[in-house]
Amino acid sequence: MLKGIGASPGIAIGKVLLLKKEELNFQHMTITDVEGEKKKLHKALEISKQQLEEIKKTSTEQQRSILDAHVMILEDPELISSVEGKIDSEKLNVEAVLDEVLKMFIAIFEGMDNEYMKERAADIRDVGQRLVMNLMGKEQLNLQELKEPVILAAHDITPSDTAQMDREMVLGFITDIGGRTSHSAIMARSMEIPAVVGLGNITEEVKMGDTIILDGKEGTILINPDSSVIEEYAKRREEEEEVKRELRKLVNSDTVSKDGVKVELASNIGNPKDAKKAHENGAEGIGLYRTEFLYMDRSSLPTEEEQFKAYKEVLEIMGDRPVVIRTLDIGGDKELPYLNLPKEMNPFLGYRAIRICLDEKEIFKTQLRALLRASVYGNLKIMYPMISSVEEVRQANEILEEVKQELKAVNINYSTEIEVGIMIEIPAAAVISDILAKEVDFFSIGTNDLIQYTTAVDRMNEKISYLYNPFNPAVLRLIKTVIDNGHKAGIWVGMCGEVAGDQRLIPILLGMGLDEFSMSASSVLPARKQIQGLCYEEMKGIAEKVLEISTAKEIEEFVKLNI
Ligand code: PEP
Ligand code: MG
């Protein structure tokens, strides 16, 4: 059994198709016909774009967005002018020059601190390979034409490979390199194709036609296992499918405990496509739309119109279900290189989120305008991130009011029923939640940051990850305080941090009186099933006892024993 990183859950059993990328050997030659080389470049750019457009025809919407990003790279004026400039100055053949320029671009992205931006180097490498192959007149493997179901094994599955994958023919994939946040991993999850990445040199260890068992949840694979093992996994796969089929029956049911307490199960999203997935998975609303993704992976701020379109799309997908859209939460691990913000010693404690928005008022106002304009298309709620004081809420609300007045003056409609809430993710906000509750319509507890700030444990630092524990009594007490203070003031309290979808903690949160749980789309149905099997009164008693326990470990054990 080999262990890698589980990138997309599920069990797949099948024969290997080894995808070996061709070595692209070309010579470095001095040339005289500078214009001829440039012509070759433009021809290859055109062919590459046509190929991508062709693949797009049979792709899903999410796949198309990746392919669009590839087309954008091919149209990038900086890339094209760098290559042309170098052909002029170095008098080298276009293949050699392009290779050099691509390497430079890839190095820039790989050198970025941010994991997400780092992974974008894969996109440049991918589309660059296509371009060089076309320059050299080489054929590209078309994954849309597979004749029998296979498990793909490759050094790295590129985003355009995933965009061509047919769910019926690709049972799963395994790779030498890659992490959970790579585009291919994200795509695999959204297409529900089981995948294990980062297996080292798996492409050297498997051969064409080997039988493989892949367990995407555990991140493991077995090569040429005995038939008894295959049978065992086939049985497990069938059981998993059965569980999924059973869960699907709950898509339209309410989330009510055995003793009749109803809560809302919502989903966290990063873009309009996620909203579709959330809706299909029975989410009763969107509890957190992380709008910063609209601002990332590009070279300038999104326009009001672009934002308006995205917000409107999400609101329309969700119909009359509530949609909590969070205003820009940039900073920390989410960087925007084009804002040219100075490097900080402690970015998580620095110039970020609402702090930037209150300072760079125009950025904030553009977003608020887009949100207000979109509000007539659904049930919008606006949420401010990283609030640490009453003053920040008041200032943000003043700006919101200003934007409303400006829209009114030019007769642009917006809903008059928009609730405005805040994230409770800084301990200061939790401590004064009784005061904050009087200023807003709802709270959403952001445990990802609340844990990190309460316990002084960097959420990205693996070395101290053992301290990053939602069972920490300090964290649980703060959560309870926030819920109680919200309820005393008559407002609803939700949670959009990862804890909300954690089945070990859901019973305690239910017992504490949490009104709304927001989680990834795939967690919604399992959470609904769990809550439908719980008794609120019983969980209330358990939650009270939990708050008296001294250590995280004891709490975890108590919960395991009693639920
Ligand atoms: C949180 O901090 O819990 C949260 C939901 O926000 P993010 O993960 O985007 O910081
Ligand atoms: Mg946060």
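Atoms within each ligand, like the ligands themselves, are counted from 1 in listed order.
- No donor-acceptor pair under 3.5 Å is formed between the side chain of Asp123 and the backbone N or O of His70.
- Checked by atom type and distance alone, the side chain of Arg326 never pairs as donor or acceptor with a backbone atom of Met423 at under 3.5 Å.
- One finds a salt bridge joining Glu305 and Arg373 here, because a Lys/Arg side-chain nitrogen approaches an Asp/Glu carboxylate oxygen to under 4.0 Å.
- The atom of Glu425 nearest to the Mg ion (ligand 2) is OE1, with the search restricted to N, O or S atoms.
- Using modelled atom types and a 3.5 Å distance limit, the side chains of Gln395 and Tyr384 yield no donor-acceptor pair.
- Taking the Mg ion (ligand 2) as reference, the nearest N/O/S atom within Asp449 carries the name OD2.
- Closer than 4.0 angstrom to ligand 1 by heavy atom are Leu288, Arg290, Arg326, Asp329, Lys334, Met423, Glu425, Gly446, Thr447, Asn448, Asp449, Arg459, Cys496, Gly497, sorted by chain and number.
- Of the charged side-chain nitrogens involved, at least one lies within less than 4.0 Å of a carboxylate oxygen, so that Glu284 and Arg528 count as a salt-bridged pair.
- Of the charged side-chain nitrogens involved, at least one lies within less than 4.0 Å of a carboxylate oxygen, so that Glu402 and Lys361 count as a salt-bridged pair.
- A donor-acceptor distance shorter than 3.5 angstrom exists from the side chain of Asn379 to the backbone of Asp320, with no hydrogens or angles considered.
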